[in-house]
There are 2 protein chains.
Amino acid sequence: MENVEAECRGLAEVIARIGDKWTVMVCGHLSEGTHRFNALKHRIPGISHRMLTITLRGLERDGLVARKAYATVPPKVEYCLTPLGQSLTGPLAALASWARENRPALEQARAAFDRRAAQD
Amino acid sequence: MENVEAECRGLAEVIARIGDKWTVMVCGHLSEGTHRFNALKHRIPGISHRMLTITLRGLERDGLVARKAYATVPPKVEYCLTPLGQSLTGPLAALASWARENRPALEQARAAFDRRAAQD
DNA sequence: CCGTATCCAAGTAGATACTG
DNA sequence: CAGTATCTACTTGGATACGG
């Protein structure tokens, strides 16, 4: 491949962007359809109120997620993927697929490495 | 897609694994062929000696990179991708491609968001 | 040349409490 | 129900120095 430097920088930026603790989980659930704030919170085990807010705000800022607030009492806010966000699900699914297929190999490699390291 | 929960967890694990500051850069350069430690260090601007060691050790542990040390003076250590590591470059390239195509849209979305936020 | 250890600054995320 | 602010613990990564 030509121009590894530039390709890597672009890739590194995306990875850095979505590589935090919660972003892929949020995207994954939104890829199934529109969800309310609390619906997401309940479907993503372990996420705090604060982190869900921050994660959604970041995705909204990047144009990957659309936010729609209804001026009702109590408030109701819906989130869904934008077309740009949906276009990201393809590449992510490819990576998820790789993860599923190669997890055993990874775990085996880790175990073998740790066994060798323990022999010191 | 069925089973979003499980797919996301697998995906989240890979992203967490390769989502640190240097891993994709190292993989990108190794995808071009075998390199010595210092060759990598000089090709990856900004990486510290320590972080390159840690990054390579992590990749080696997961079976993505192979390490070959020559008992010479001075020492010589070569790193290259394993077949497993090479299999990861496909999905990563898809993501890099997405990054290249959609960077302008991302930056535009960010600018628009920040402009709206500044209107408070 | 390559690897490791120590120290430390900065970033990240959880808990909690409060607001509209 | 959704969002914000504050405080704090933990993790990450850079600088530096030393060892094989």
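Letters go in sequence order (proteins before strands), and every chain restarts at 1.
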S.K.: Compare all side-chain heavy atoms of A:L81 with those of A:L64 and state whether any distance is below 4.5 angstrom.
M.R.: no
S.K.: To the nearest angstrom, how far is B:L40 atom CG from C:dC1 atom C1'?
M.R.: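 Taking CG of B:L40 and C1' of C:dC1, I get 14 Å after rounding.
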S.K.: Listed in order of residue number, which residues of residues 12-21 of chain B have a non-hydrogen atom at under 4.0 Å from DNA chain C?
M.R.: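 Under 4.0 Å from DNA chain C: no residue of residues 12-21 of chain B.
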S.K.: For A:R61, what residues pass the salt bridge (Lys or Arg N to Asp or Glu O under 4.0 Å) criterion, not counting sequence neighbours?
M.R.: B:D114
S.K.: Does B:T82 use its side chain to pair, donor to acceptor, with the backbone of B:G63 at less than 3.5 Å?
M.R.: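 Indeed, once roles are kept as given, a pair shorter than 3.5 Å links the two residues.
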S.K.: Rounding to a whole Å, what distance do you find between B:E60:CD and C:dC2:P?
M.R.: 15 Å
S.K.: Any side-chain to backbone donor/acceptor pair from A:T55 onto A:W22? Under 3.5 Å, distance only.
M.R.: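 Not a single qualifying donor-acceptor pair exists.
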S.K.: Between the side chain of A:T89 and the main-chain N/O of A:G85, is any donor-acceptor distance below 3.5 Å?
M.R.: no
S.K.: Evaluate the ring planes of A:H29 and A:H35, with Trp represented by its six-membered ring, and classify them as parallel (under 30°), tilted (30 to 60°) or perpendicular (over 60°).
M.R.: perpendicular
S.K.: Name all residues meeting the side-chain hydrogen bond (donor to acceptor under 3.5 Å, both in side chains) criterion together with B:N38; count only those two or more places apart in sequence or in a different chain, and write none if there are none.
M.R.: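 None.
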S.K.: For B:R9, check salt bridge (Lys or Arg N to Asp or Glu O under 4.0 Å) against everything at least two apart and list the hits.
M.R.: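 Salt bridge (Lys or Arg N to Asp or Glu O under 4.0 Å) list for B:R9, sorted by chain: B:E5.
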S.K.: About how many Å separate CG of B:L88 and CG of A:L106, when rounded to the nearest 0.5 Å?
M.R.: 8.5 Å
S.K.: How close or far is atom C1' of C:dG3 from atom CG of B:N38, stated in whole angstroms?
M.R.: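 Atom CG in B:N38 sits about 12 Å away from atom C1' in C:dG3.
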S.K.: For a 4.5 angstrom cut-off between non-hydrogen side-chain atoms, does A:F113 reach B:R57?
M.R.: yes
S.K.: Take the protein atom CZ of B:F37 and the nucleotide atom C1' of C:dG3, then report the distance between them rounded to whole Å.
M.R.: 7 Å
S.K.: In chain order, what residues pass the salt bridge (Lys or Arg N to Asp or Glu O under 4.0 Å) check against A:R67, with sequence neighbours excluded?
M.R.: none
S.K.: Take the protein atom CD1 of B:I54 and the nucleotide atom P of C:dG3, then report the distance between them rounded to whole Å.
M.R.: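 Nearest whole value for this atom pair: 12 Å.
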S.K.: What does the inter-axis angle of the helix from C:dC1-D:dG20 to C:dG20-D:dC1 come out as, five pairs per end, nearest 10 degrees?
M.R.: 40°
S.K.: Of all of residues 66-81 of chain A, which get a heavy atom below 4.0 angstrom from DNA chain D, listed by number?
M.R.: A:R67, A:P74, A:P75, A:V77, A:Y79
S.K.: How many Å lie between CD1 on A:I44 and P on C:dA13, as a whole number?
M.R.: 14 Å
S.K.: Sort and list the pairs that fulfil ring pair (Phe, Tyr, Trp, His ring centres under 6.0 Å) and have at least one residue in residues 71-92 of chain B, not counting sequence neighbours.
M.R.: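 Ring pair (Phe, Tyr, Trp, His ring centres under 6.0 Å) check on residues 71-92 of chain B returns no pairs.
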S.K.: What nitrogen or oxygen pairs link the protein and nucleotides 4-7 of chain C at under 3.5 Å?
M.R.:
residue : atom : partner : partner atom : Å
C:dT6   : O4   : B:R50   : NE           : 3.4

S.K.: For residues 93-112 of chain A, which residue pairs pass the side-chain hydrogen bond (donor to acceptor under 3.5 Å, both in side chains) check, not counting sequence neighbours?
M.R.: A:S97-A:E101, A:W98-B:S87, A:R100-B:E7, A:R103-B:E13, A:R110-B:D62
S.K.: Would you say A:S48 places a side-chain N or O within less than 4.0 Å of OP1 or OP2 belonging to C:dG14?
M.R.: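 It does, given that an N or O in the side chain of A:S48 lies less than 4.0 Å from OP1 or OP2 of C:dG14.
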S.K.: From NZ of B:K41 over to C1' of C:dC1, roughly how many Å is that when rounded to an integer?
M.R.: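 Taking atom C1' of C:dC1 as the reference, NZ of B:K41 is at 12 Å.
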S.K.: Does A:T23 have any side-chain hydrogen bond (donor to acceptor under 3.5 Å, both in side chains) partners at least two apart in sequence or in another chain, and if so, which?
M.R.: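 A:T23 satisfies side-chain hydrogen bond (donor to acceptor under 3.5 Å, both in side chains) with A:D20 once adjacent residues are dropped.
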S.K.: Are the side chains of A:C80 and A:L30 in contact, using a 4.5 Å heavy-atom criterion?
M.R.: no
S.K.: Would you say B:F37 and B:H49 make side-chain contact, with heavy atoms under 4.5 Å?
M.R.: yes
S.K.: Chain A on DNA chain D: first and last contacting nucleotide, 5' to 3', under 4.0 Å to a heavy atom?
M.R.: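 First and last nucleotides in contact are D:dC1 to D:dT6.
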